[in-house]
There are 2 protein chains.
Amino acid sequence: MKISDLAKRCGLSAHTLRYYERIGLLPYADRDRSGQRDYDASILSWIEFLGRLKTTGMPIRDMLLYAKLADSGKATFSERRQMLEEHRERVRAHVADLEACLRVLDGKIASYAEAEERTRDEKRNIADTPARART
Amino acid sequence: MKISDLAKRCGLSAHTLRYYERIGLLPYADRDRSGQRDYDASILSWIEFLGRLKTTGMPIRDMLLYAKLADSGKATFSERRQMLEEHRERVRAHVADLEACLRVLDGKIASYAEAEERTRDEKRNIADTPARART
DNA sequence: TCTTGACTTAGAGTGCGCTCGAAGCCGTAG
DNA sequence: CTACGGCTTCGAGCGCACTCTAAGTCAAGA
């Protein structure tokens with residue numbers, strides 16, 4: 001598989017795939033006789049997992065550490081598990097934060113909706129008075 | 001309230017507060033006779049709300065638009081409500097993504113735990129064979 | 001009076017994660 | 001044979017959100 005095919009399949013640009021290889025996030029890809037990268041489809045699951053780590057906000061330097069551990073075989077299973085467990089806790093905490101934020105947004109939206117209701121009720125359209133403070 | 005007091009209360013640095021004012025995310029603060037910012041405590045709720053927007057991944061340029069609308073009074077209620085509703089949907093989608101990622105992480109962690117179990121069971125410690133691919 | 005420390009401004013620098021450009025090579029279609 | 005598109009490398013550039021520096025002002029305490 002050529003880099004552009006892989007790019008289409010995984011949703012990253014060829015530029016980004018080369019960048020990831022350069023920094024070590026992707027293993028060095030085999031080259032064909034003319035020097036072009038020839039990927040094995042198995043790389044897709046690794047890229048997909050990296051995507052999960054990225055979505056959950058893991059910085060690249062941590063992914064690099066994880067990749068390094070993954071290259072060291074069984075000996076690093078527990079270290080990797082620990083990394084993922086710590087990361088999972090951070091993600092859970094972040095999700096909780098987001099849910100709290102969603103409740104705030106809900107409240108804000110509701111208060112705007114209410115205010116719009118009241119504004120509509122006041123049929124007499126007095127000149128719009130600018131707000132005194134940001135809400 | 002001086003800038004350092006506000007910084008302590010809101011968890012942003014004085015540098016960041018000045019930066020936010022510079023770009024328009026915070027309203028221009030009153031200065032005392034010697035030119036120092038003198039904040040009203042009411043700014044805290046606005047900063048807190050900005051924090052919610054930030055936590056939920058809203059880019060500063062969108063916060064600026066929201067702030068601009070908020071400065072225009074009642075007339076922009078529905079626009080602001082719409083912005084927040086759209087943002088809320090993005091956040092909800094992101095939370096769903098994160099939850100899917102969490103399930104993947106759970107699976108990965110479980111598989112490491114299992115593998116560690118199996119490794120412990122093999123009392124005969126054969127030399128560690130490096131992994132062939134990243135998992 | 002002197003020192004200390006917090007404040008002011010404008011602007012430069014940082015870290016992250018890409019993203020792009022330039023220059024050149026290679027293989028296939030016309 | 002030539003043109004074309006897609007690949008290669010290296011390194012520069014970008015957008016975001018800060019973060020810090022330098023040079024200077026000011027007010028309160030010893």
Side-chain angles (χ1 to χ4, degrees), chain A residues 1-40 43 46-68 87 90-91 94 97 101, chain B residues 1-40 43 46-68 87 90-91 94 97 101:
Chain A
M1 193 173 15
K2 289 200 179 182
I3 198 167
S4 60
D5 302 326
L6 179 59
K8 266 165 225 149
R9 275 165 181 260
C10 74
L12 298 173
S13 71
H15 279 307
T16 301
L17 289 170
R18 284 187 212 105
Y19 164 70
Y20 278 3
E21 181 183 302
R22 207 156 68 208
I23 65 174
L25 210 46
L26 293 180
Y28 185 83
D30 290 343
R31 308 297 204 263
D32 65 16
R33 356 167 189 45
S34 76
Q36 298 188 192
R37 288 170 183 80
D38 191 6
Y39 290 99
D40 184 308
I43 195 75
W46 173 244
I47 292 174
E48 196 187 335
F49 184 62
L50 287 179
R52 301 288 188 178
L53 296 181
K54 180 180 161 186
T55 295
T56 51
M58 183 183 282
I60 282 184
R61 64 180 170 292
D62 291 1
M63 297 187 206
L64 284 174
L65 173 56
Y66 183 86
K68 204 175 141 237
H87 182 58
R90 283 189 295 269
V91 177
H94 184 52
D97 270 10
C101 289
Chain B
M1 194 174 13
K2 288 200 178 181
I3 197 167
S4 60
D5 302 325
L6 179 59
K8 267 166 224 149
R9 275 166 181 260
C10 74
L12 297 173
S13 72
H15 280 308
T16 300
L17 289 170
R18 284 188 212 102
Y19 164 70
Y20 278 4
E21 179 182 303
R22 206 156 69 209
I23 65 175
L25 210 46
L26 293 180
Y28 185 85
D30 290 342
R31 307 300 204 261
D32 64 17
R33 3 177 179 39
S34 76
Q36 299 188 193
R37 288 170 184 79
D38 191 6
Y39 290 99
D40 184 307
I43 196 73
W46 173 244
I47 292 174
E48 195 187 337
F49 184 62
L50 287 179
R52 301 290 188 176
L53 296 180
K54 180 181 161 186
T55 295
T56 51
M58 183 183 282
I60 282 185
R61 64 179 169 289
D62 291 2
M63 295 187 209
L64 283 175
L65 172 56
Y66 183 87
K68 203 176 141 238
H87 183 58
R90 283 189 295 270
V91 176
H94 183 52
D97 271 11
C101 289

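Chain identifiers are assigned alphabetically (A, B, ...) following the order of the sequence lines, protein sequences preceding nucleic acid strands; residue numbering begins at 1 within each chain.
Rounded to an integer number of Å, the gap from A/Leu53 CG to C/dG17 C1' is 15 Å. Across the protein-nucleic acid pair, B/Leu6 atom CG and C/dA6 atom P stand 16 Å apart, rounded to whole Å. Between B/Ile3 atom CD1 and C/dA6 atom C1' there is a gap of 11 Å when expressed in whole angstrom units. Atom pair B/Asp32:CG and C/dC7:P shows a separation of 11 Å (rounding to whole Å applied). Atoms CG (B/Leu26) and C1' (D/dC18) sit 14 Å apart, rounded to a whole Å. Between B/Glu21 atom CD and D/dC18 atom C1' there is a gap of 16 Å when expressed in whole angstrom units.
Enclosure of atom CZ in B/Arg9 is not indicated, since only 12 or fewer non-hydrogen atoms of other residues, nucleotides or ligands lie within 6.0 angstrom.
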* To do: Any chance you could list the contact pattern along nucleotides 20-30 of chain D? Use B for base contacts, S for sugar-phosphate-only contacts and - for none, protein heavy atoms under 4.0 Å, 5' to 3'.
  => BB----SS---

With the criterion being N/O to N/O and under 3.5 Å, what pairs connect the protein with nucleotides 15-17 of chain D, and how long is each?
residue	atom	partner	partner atom	Å
D/dC16	OP1	B/Arg61	NH1	2.8
D/dA17	OP1	B/Ile60	N	3.2
D/dA17	OP2	B/Ile60	N	3.3

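Relative orientation of the A/Tyr66 and A/Trp46 rings is parallel, given thresholds of 30° and 60° on the angle between their planes.
Considering only side-chain atoms of B/Thr16, the nucleotide from D/dT19, D/dG6, D/dT9 that sits closest is D/dT19. Distance from the side chain of B/Arg18 is smallest to C/dT8 among C/dC7, D/dG6, C/dT8.
A salt bridge links A/Glu21 to A/Arg31: one of the charged nitrogens lies within less than 4.0 Å of a carboxylate oxygen.
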